2 protein chains.
Amino acid sequence: MISMKELAQHCGVSVATVSKALNDQSDIGESTKIRVKQAAETLGYFPNAAARSLKTNRSYNIGVLFVDEANSGLTHEYFAAVLEGFKVEAEKQGYDITFINGQIGKKKVSYYEHCKYRNVDGVVIACVKFDNPEVVELLNGDIPVVTIDHINENCSSVLSDNVKGIQSLMDYVYEKGHRKIAYIHGQASTTVTKARLTSFYRFLESRELSVPDDYVLEADYLDVSQAMACTSELLDRKDPPTCILYPDDTALIGGLNEIRKRNLRVPDDISIAGYDGSRLSLILNPRLTTIRQDTSAIGMQAAKKLISTIDKPKTTFTEQIIVEGELITGESVGNANIS
Amino acid sequence: MISMKELAQHCGVSVATVSKALNDQSDIGESTKIRVKQAAETLGYFPNAAARSLKTNRSYNIGVLFVDEANSGLTHEYFAAVLEGFKVEAEKQGYDITFINGQIGKKKVSYYEHCKYRNVDGVVIACVKFDNPEVVELLNGDIPVVTIDHINENCSSVLSDNVKGIQSLMDYVYEKGHRKIAYIHGQASTTVTKARLTSFYRFLESRELSVPDDYVLEADYLDVSQAMACTSELLDRKDPPTCILYPDDTALIGGLNEIRKRNLRVPDDISIAGYDGSRLSLILNPRLTTIRQDTSAIGMQAAKKLISTIDKPKTTFTEQIIVEGELITGESVGNANIS
DNA sequence: TTATCTTTCTTAATCGTTTTCGAAAAATGT
DNA sequence: ACATTTTTCGAAAACGATTAAGAAAGATAA
């Protein structure tokens, strides 16, 4: 509420002196420094973000962009968890977080323009359709960017280790004796799905295993009914799989429902595994076999990387940071019957 | 990127004229107005939020404060959903959203100070411990505030209709023949719990029903293991209830697990109902009986109210806006056996 | 003593807007 | 033709900070 001017008057010095004293510049005497600082403390002075941002072109504000096809926004459990991790770390380092959108007032603008308008120091982009031209504009712009779960040449990214995730899941399932493993995967266009599929096939190859082509199906992430349909399709085969992997824990529920509808038991009659390690998977009984993605670490790493490229854009190099997940063995994958 | 100055030069008018033209002030000729506006369009001009905020004390930025005891933040499904609704409406009206926290740079400040620092036009407060002195400071400050699920004298609030929610749930359960109804409720200190408990007892009274004191237990919201323990306690009674109400859908899962551990079936042997209408409740089989809280409407109403008190603080009166939920009948409540 | 260097502080410009007030030009009235 | 009103625009101050450049005072060196 009190400005530098008033603070300066109170201390009997100029505004410039106050500014420099508070910012610990070298050309201010030690005694006046503490005098000013104490006065600031007692008078409850704190700076005005707008004025500071205007003058310095630094807002200590980070933009968050999230646009998925389903427009789920913050109700997207994975994204919300990553964002929470991001938020915690960013705030610890003195940055605030603002959502980026496509408007200034009532006027439609691009994401990039919105960022410029708010003068954010950097942007974290997650889960969007990365081929969106507005997102591309932002990626190629002059604002520091970190992407999540998507690789881009011009900026750093933080990726959940989907390769290792699928691998350890397959390892586990294989160890349990399963050979007829079906994989219902999410949208093939995403970086995430590509990594998982590659890992899936690589594993099969390494064990000199092969599954019928029609064991690999596509169902949108988080879509219960599609997962249900795919499951139905798989169970109707002459030679059904003994284990089904799902795009995520939510989709798995769709499968589970279809399985129960047929009076089959999990894991006795068929084994299933999810992905994400969502809250759901942790509380349900039987515990789901899944890969817990370390969302808070992903968010934290993204914040650290973004802030370091903001702070020292020269010395910070772009890189891909891989964050490992963790196999939750659960109880939804049983021993395969030798059939 | 291009400033008003450059735009002014390009149009051959003064900066003042440009500003007034873009803001549609009355003392600018119609012809120059369109000339300026067109130039702004073609040159890709857009304003600088910091400068505008500095000059006008209006940031078109709204602060969001959320602090719960568990520090769940955005991973709190209910809050995240409400916030999403809030965000959508606020952005539609040209406002951006920034999270409020307790720091400016590396220095600890109060929430109120942080709001002043960022010059937010208003704040929405949700799910926090409202007796927190810093929250009280914010509530009593000069910044427009809307609270969610908590009544405060000085500001408007948006409340999920917990009274009607419990009532329709009880109605339904009662209709199904249940008389021995236990209620595991959340923290008794919260506005939400108080409303629900009141409604619960009022219902019993209206039907001249009474339940043993020990049918009413407390377990923290979202806490699976506490719910499990309470359920166990209830089932161990000589005269166990035929139906148990839980604080929320997640807690219900705890109960469900305990029930299944005892080889009891839902709803044949015992009926259960949750609260929230979380995603979980919608996809699980059997479908949970629950009250779906209209999170997006709650968020939307909060945004509308907050923005209208920002826009016209004089004419807008403080009020409590009640948002009704919806009974999801599901399949987890069955007909009570006449015993 | 005088010149030079340090230390410490101030003056003033600046960031990009908005807004008050005054001035010029155009329109109107007589 | 002159006075008056209306319309349209510009000059300049202001918002609250940062920072380059310069000035004053004290310290150091010759």
Side-chain angles (χ1 to χ4, degrees), chain A residues 1-37 39-40 43-61 94 104-105 107 113-121, chain B residues 1-37 39-40 43-61 104-105 107 113 115-121:
Chain A
M1 294 297 288
I2 171 182
S3 74
M4 265 198 175
K5 201 154 112 188
E6 305 170 75
L7 185 53
Q9 285 171 346
H10 195 269
C11 292
V13 296
S14 76
V15 182
T17 304
V18 170
S19 171
K20 289 192 277 194
L22 293 178
N23 291 329
D24 259 327
Q25 304 234 234
S26 60
D27 65 341
I28 298 294
E30 203 54 44
S31 63
T32 51
K33 261 190 195 171
I34 46 180
R35 191 157 47 90
V36 169
K37 284 181 184 173
L43 297 184
Y45 168 83
F46 49 89
N48 179 304
R52 181 177 271 178
S53 164
L54 179 60
K55 184 61 191 166
T56 63
N57 274 322
R58 283 277 263 131
S59 60
Y60 288 91
N61 207 358
I104 295 178
K107 192 159 152 291
E113 288 171 326
H114 190 269
C115 289
K116 284 295 185 182
Y117 161 66
R118 283 290 176 196
N119 196 26
V120 294
D121 295 333
Chain B
M1 293 294 289
I2 171 184
S3 74
M4 265 196 176
K5 202 156 113 189
E6 304 170 76
L7 185 54
Q9 285 172 347
H10 195 269
C11 294
V13 296
S14 77
V15 181
T17 304
V18 170
S19 171
K20 289 191 277 194
L22 293 179
N23 291 329
D24 259 326
Q25 303 234 235
S26 60
D27 65 341
I28 298 294
E30 202 56 42
S31 63
T32 51
K33 262 190 195 173
I34 46 179
R35 190 155 48 92
V36 169
K37 283 181 184 174
L43 297 184
Y45 168 83
F46 49 88
N48 179 305
R52 182 177 272 180
S53 163
L54 178 60
K55 186 62 191 167
T56 63
N57 274 323
R58 284 276 264 132
S59 60
Y60 288 91
N61 207 357
I104 295 179
K107 192 160 151 291
E113 288 171 327
C115 289
K116 284 293 186 182
Y117 162 65
R118 283 292 176 196
N119 196 26
V120 294
D121 295 332

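Given the structure is predicted, the values throughout are model-derived calculations rather than measurements. To find a chain, count down the sequence lines: A is the first, B the second, and so on, and within it residues start at 1.
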Checklist outcome for this item: Closest of D:dT19, D:dC9, C:dG16 to the B:T17 side chain is D:dC9
Checklist entry - Using a cut-off of 4.0 Å on non-hydrogen atoms, how would the nucleic acid contact of B:Y117 be classed: base, sugar-phosphate, or nothing? => result nothing
Next on the checklist: What's B:N23 touching, base or sugar-phosphate or nothing? Going by heavy atoms closer than 4.0 Å.
Outcome noted: sugar-phosphate
Checklist entry - Looking for any heavy atom pair under 4.0 Å, which part of the strands does A:S3 touch: base, sugar-phosphate only, or nothing? => result sugar-phosphate
Next on the checklist: Nearest whole Å is fine: how far is C:dT14 P from B:E6 CD?
Outcome noted: 15 Å
Next on the checklist: From the set D:dT19, D:dG10, C:dT18, return the single nucleotide nearest to any side-chain atom of B:K55.
Outcome noted: C:dT18
Checklist entry - Got B:Y45 and B:V18 here, is their nearest side-chain heavy-atom distance under 4.5 Å? => result no
Checklist entry - Which one, D:dG16, C:dT10, D:dA12, comes nearest to the side chain of B:A16? => result D:dA12
Checklist entry - Which part of the nucleic acid, if any, lies within contact of B:S53, taking any heavy atom under 4.0 Å across all strands shown: a base, the sugar-phosphate backbone alone, or nothing? => result nothing
Checklist entry - Separation of A:I28 atom CD1 from D:dA24 atom C1', in whole Å? => result 14 Å
Next on the checklist: Using a heavy-atom cut-off of 4.0 Å across all strands, would you classify B:N48 as base, sugar-phosphate, or nothing?
Outcome noted: sugar-phosphate
Next on the checklist: Show the nearest heavy-atom pair for residues B:C11 and B:V36, with the distance to one decimal.
Outcome noted: SG-CA, 4.1 Å
Next on the checklist: Side chain of B:V13 only, heavy atoms from C-beta on: which candidate in D:dG10, D:dA17, C:dC9 is closest?
Outcome noted: D:dG10
Checklist entry - DNA chain D: A:K5 or B:S31, which has the more 5' nearest nucleotide? => result B:S31
Checklist outcome for this item: Minimal heavy-atom distance between B:Y60 and B:D121, with the atoms involved, is N-OD2, 2.6 Å
Checklist entry - Roughly, in whole Å, what's the span from CG in A:L7 to P in C:dC9? => result 14 Å
Checklist outcome for this item: Separation of D:dA17 atom C1' from A:L22 atom CG, nearest Å, is 11 Å
Checklist entry - Under 4.0 Å between a side-chain N/O of A:R52 and OP1 or OP2 of D:dT18, yes or no? => result yes
Checklist entry - Quick one: does B:K55's side chain get under 4.5 Å of A:L54's, heavy atoms only? => result no
Checklist outcome for this item: To the nearest angstrom, the CG-C1' distance between B:L54 and D:dG16 comes to 5 Å
Checklist entry - Contact class for A:T56 vs. all strands (heavy atom < 4.0 Å): base, sugar-phosphate, or nothing? => result sugar-phosphate
Item to check | C:dT17 OP1/OP2 closer than 4.0 Å to side-chain N/O of B:S19 | outcome: no
Item to check | Euclidean distance, atom OH of residue A:Y60 to atom P of D:dT18 [Å, nearest integer] | outcome: 10 Å
Checklist entry - Taking CZ from A:R58 and P from C:dT14, how many angstroms apart are they, rounded to a whole number? => result 24 Å
Item to check | Closest approach of A:M4 to A:S19 (non-hydrogen atoms, all atoms of both residues) | outcome: CE-CA, 3.3 Å
Checklist entry - Does any N or O donor sit under 3.5 Å from an N or O acceptor when you compare the side chain of B:K20 with the base of D:dG10? => result yes
Checklist entry - With side chains defined as the heavy atoms from C-beta onward, is the minimum distance between B:N119 and B:N61 less than 4.5 Å? => result no
Checklist entry - Please give, in whole Å, the distance from D:dA17 P to B:N119 CG? => result 12 Å
